[in-house]
Amino acid sequence: MSDATAIADIAVSDPYDPHANAETFDFQAWLASLDARLLAASEGRRLLTRLSPALFAVTYLRHHLQDVDGNISFADAHLDWCRAARSWVRPVRQPAEQRDAWVAPRNTGKSTWWFLILPLWAAAHGHVKFAAAFAASASQSETHLGTFKGEVDRNELLRQDFPDLCAPARRPSGANVADTQSMYVAKSGFAFAARGIDSSSLGMKIGEQRPDLLLLDDIEPDESSYSPDLAAKRKTTLLDAILPLNIYARVVISGTVTMPGSVIHQLVKAARGVETADWIREEGIRAHYSAPIVERPDGTERSMWPAKWPYPYLLSIRATRSYAKNMANDPMGADGDLWTPDDFRYPGEEGPDPVTHMMLSIDPAVTTKKKSDFTALGVVSWSARHRRCTVHDAWSLKIQPGPLLRNRVLAVLDEHPEIGLILVEINQGGDTWKAILHDMPVKVKTVQQVENKFTRAEGVLNHYQRGRVIHARKLVDLEQQMCAFPKAPHDDMVDAVGSAVRRFIPPAKKTASATQSTYV
């Protein structure tokens, strides 16, 4: 059976069918199934589009969906977003009931859909009364509102079918209630406010009406203008200023990863089941991730938007940093100063290197306070036969110094019985760590670093690039941290693994060679 036949066998003509995706959804069959007589009349269009944001988009905003040849296509993400938006038809009954984050490749049309198409559909049919939209800057959010107002001002079909939405509300004096760069209030009662994420937003309301739709699109700037401190402030603004505007509001967060550890990166990790940060769980945010390359049930792959990004094209750029960062939302594409994805090597067909020596390297944090660094553990071995190190595992933990750390170390020793040494950096905490790790089944040694962190990392990178260090498998968190170093929010795993590598392969200034000195 050909691929085309297989697709035809599973094609669906309902965009809200959970099996509908960019490959199976038959756009033309869907349009043909609609009653053309209803679509020819205002009342019929209002009736058919009330429960269908996808049909609303095609009917009133086709010009935003067409490519240069006039063709319309849907990506997996677009269908997911339309299905999600239909839940806005039902009133919110519980606090934090409808809070979602949608992360997709750059240029998927997130702003077009979430700042224009979906709020315009919801406003036209009265599903939403007051939308408040936030972006990284006020000018960015005002640009989105300007696009929205451009449609209500100039879209003839929209003005014909929804005249009260397209006319500004007026005071008894005849002046507009609000028709500015940052606020629009329609005759229908719908309001749309646009703000920068750091603007004063507390208490935002019109009369007694608070926003019932909170839209946050690209609230983080590009990496060159961002930092871990600013990312922490953005998260605080989101949690303490934006979400409390109305705990019953529908919330949509959309964006693309710009920096490791950023708000959107944390949401990606939650969506992919890697790690769910406490704040995401506590705020009831459901995170969703759209991958550029999707695996079919039979194990083969396809593009999430074949009309725009054919699978062969995605395959040709899959190994690039641009693909990782801008398409896959993977901070492996972060613009760090040292490592790149090409620096990581893995065992070949001959299998893992035989282990001559193995150590557990610990870069501990003194406290577990929010602003403290993480405690990192790295398991690294040396093979005398191949004269190179293998990194087997690396973890970054918020763990209380004391019995909890001791128990975790004992668990690692059980998992890797070849470990013959525990190496602890003691730039902080002094002999505290010896007290915590007393009576271990292997030797415990301490190391105090005298060279600055960047110089040490440069030396370790040199070993990676010369093939003296490999990874036993893909170590995602470690590799992301290395690729972002020194711009990542944390670099504890870089330190822990680097200390072990430097122990096995001492810097050149030392007289003893790696094979002549003892690692203990």
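Reckoned from all heavy atoms, side chains included, excluding hydrogens, waters and symmetry mates. Along the sequence shown, residues are numbered consecutively beginning with 1. Note that the structure is a prediction, hence the values are computed from the model and not measured.
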Got a sec, which residues hit salt bridge (Lys or Arg N to Asp or Glu O under 4.0 Å) with Glu283, two or more places apart in sequence or on another chain?
Arg99
Asn329: which residues meet the side-chain hydrogen bond (donor to acceptor under 3.5 Å, both in side chains) condition with it, sequence neighbours left out?
none
Answer yes or no: is there a donor N or O on one side and an acceptor on the other, between the side chain of Arg468 and the main chain of Cys389, under 3.5 Å?
no
Tell me every residue that passes salt bridge (Lys or Arg N to Asp or Glu O under 4.0 Å) with Arg345, counting only those two or more places apart in sequence or in another chain.
none
Ser254 meets the side-chain hydrogen bond (donor to acceptor under 3.5 Å, both in side chains) criterion, sequence neighbours left out, with Asp217
Mind checking salt bridge (Lys or Arg N to Asp or Glu O under 4.0 Å) for Asp218 and listing every partner two or more places apart, or none if nothing turns up?
none
Specify whether His471 and Tyr346 have parallel, tilted or perpendicular ring planes, treating 30° as the upper limit for parallel and 60° as the lower limit for perpendicular.
perpendicular
With sequence neighbours left out, the residues meeting side-chain contact (heavy atoms from CB on, under 4.5 Å) with Arg473 are Asp393, Leu475
Is it true that Glu97 and Arg286 make a salt bridge, defined as a side-chain N closer than 4.0 Å to a carboxylate O?
no
Answer yes or no: is there a donor N or O on one side and an acceptor on the other, between the side chain of Tyr16 and the main chain of Cys82, under 3.5 Å?
no
Please tell me whether Asp492 and Ser396 have a donor and an acceptor in their side chains that are separated by less than 3.5 angstrom.
yes
Verify, without hydrogens or angle tests, whether Arg466 (side chain) and Leu461 (backbone) share a donor-acceptor contact under 3.5 angstrom.
no
pair Leu267-Val257: side-chain heavy atoms closer than 4.5 Å:
no
Sequence neighbours left out, cut at 3.5 Å: what donor-acceptor pairs do the side chains of residues 404-414 make with other protein atoms?
residue	atom	partner	partner atom	Å
Arg406	NH1	Ile436	O	3.1
Arg406	NH1	His438	O	2.6
Arg406	NH2	His438	O	3.1
Asn407	ND2	Pro403	O	3.3

Salt bridge (Lys or Arg N to Asp or Glu O under 4.0 Å) partners for Glu418, two or more places apart:
none
Worked check of side chain to side chain donor-acceptor pair (under 3.5 Å) between Gln449 and Ser499:
CA-CA 9 Å; Gln449 306 292 358; Ser499 291; 3.0 Å; yes
NZ/NE/NH1/NH2 to OD/OE distance under 4.0 Å, Glu295 and Arg302:
no
Under 3.5 Å, is there a donor-acceptor pair between the side chain of Thr24 and the main chain of His19?
yes
Under 3.5 Å donor-acceptor, Asp491 side chain and Val494 backbone:
no
Pairs touching residues 255-300 that satisfy ring-ring contact (aromatic ring centres under 6.0 Å, His included), sequence neighbours left out:
Trp102-His288
Is there a donor-acceptor pair closer than 3.5 Å between any side-chain N or O of Asp343 and the backbone N or O of Thr340?
yes
Looking at Glu220 and Lys235, is any side-chain nitrogen of the basic one under 4.0 Å from a carboxylate oxygen of the acidic one?
no
Side chain of Thr108, backbone of Ala104: donor and acceptor closer than 3.5 Å?
no
Just say parallel, tilted or perpendicular for the rings of Trp30 and Phe27, cut-offs at 30° and 60°.
tilted
Short side-chain to backbone donor-acceptor contact, Ser383 and Pro354, under 3.5 Å:
yes
Looking only at non-hydrogen atoms, find the nearest pair between Leu338 and Ala457 and report the distance.
CD1-CB, 3.7 Å
Please check if any side-chain donor atom of His392 sits under 3.5 Å from a side-chain acceptor atom of Ser381, or the reverse.
yes
Test side chain to side chain donor-acceptor pair (under 3.5 Å) on Asp330 and Gln480; report intermediate values, then the result.
CA-CA 8 Å; Asp330 181 352; Gln480 286 181 354; 3.0 Å; yes
Within the side chain of Thr236, is there an N or O that forms a donor-acceptor pair under 3.5 Å with the backbone of Ala232?
yes
Show every donor-acceptor pair shorter than 3.5 Å between a side-chain atom in residues 269-277 and any protein atom, with sequence neighbours excluded, or say none if there are none.
residue	atom	partner	partner atom	Å
Lys269	NZ	Glu275	OE1	3.1

How are the rings of His78 and Trp305 set relative to one another: parallel (under 30°), tilted (30 to 60°) or perpendicular (over 60°)?
perpendicular
Does the plane of the ring in Phe504 sit parallel, tilted or perpendicular to the ring in His357? Use 30° and 60° as the thresholds.
parallel
Without swapping roles, check the side chain of Thr256 against the backbone of Pro105 for a donor-acceptor pair under 3.5 Å.
no
Do any pairs count as a salt bridge (charged side-chain N to carboxylate O under 4.0 Å, His left out) and have a residue in residues 351-362, sequence neighbours left out, and if so which ones?
Asp353-Arg388
By side-chain contact (heavy atoms from CB on, under 4.5 Å) - contacts of Ser316 (at least two apart):
Tyr313
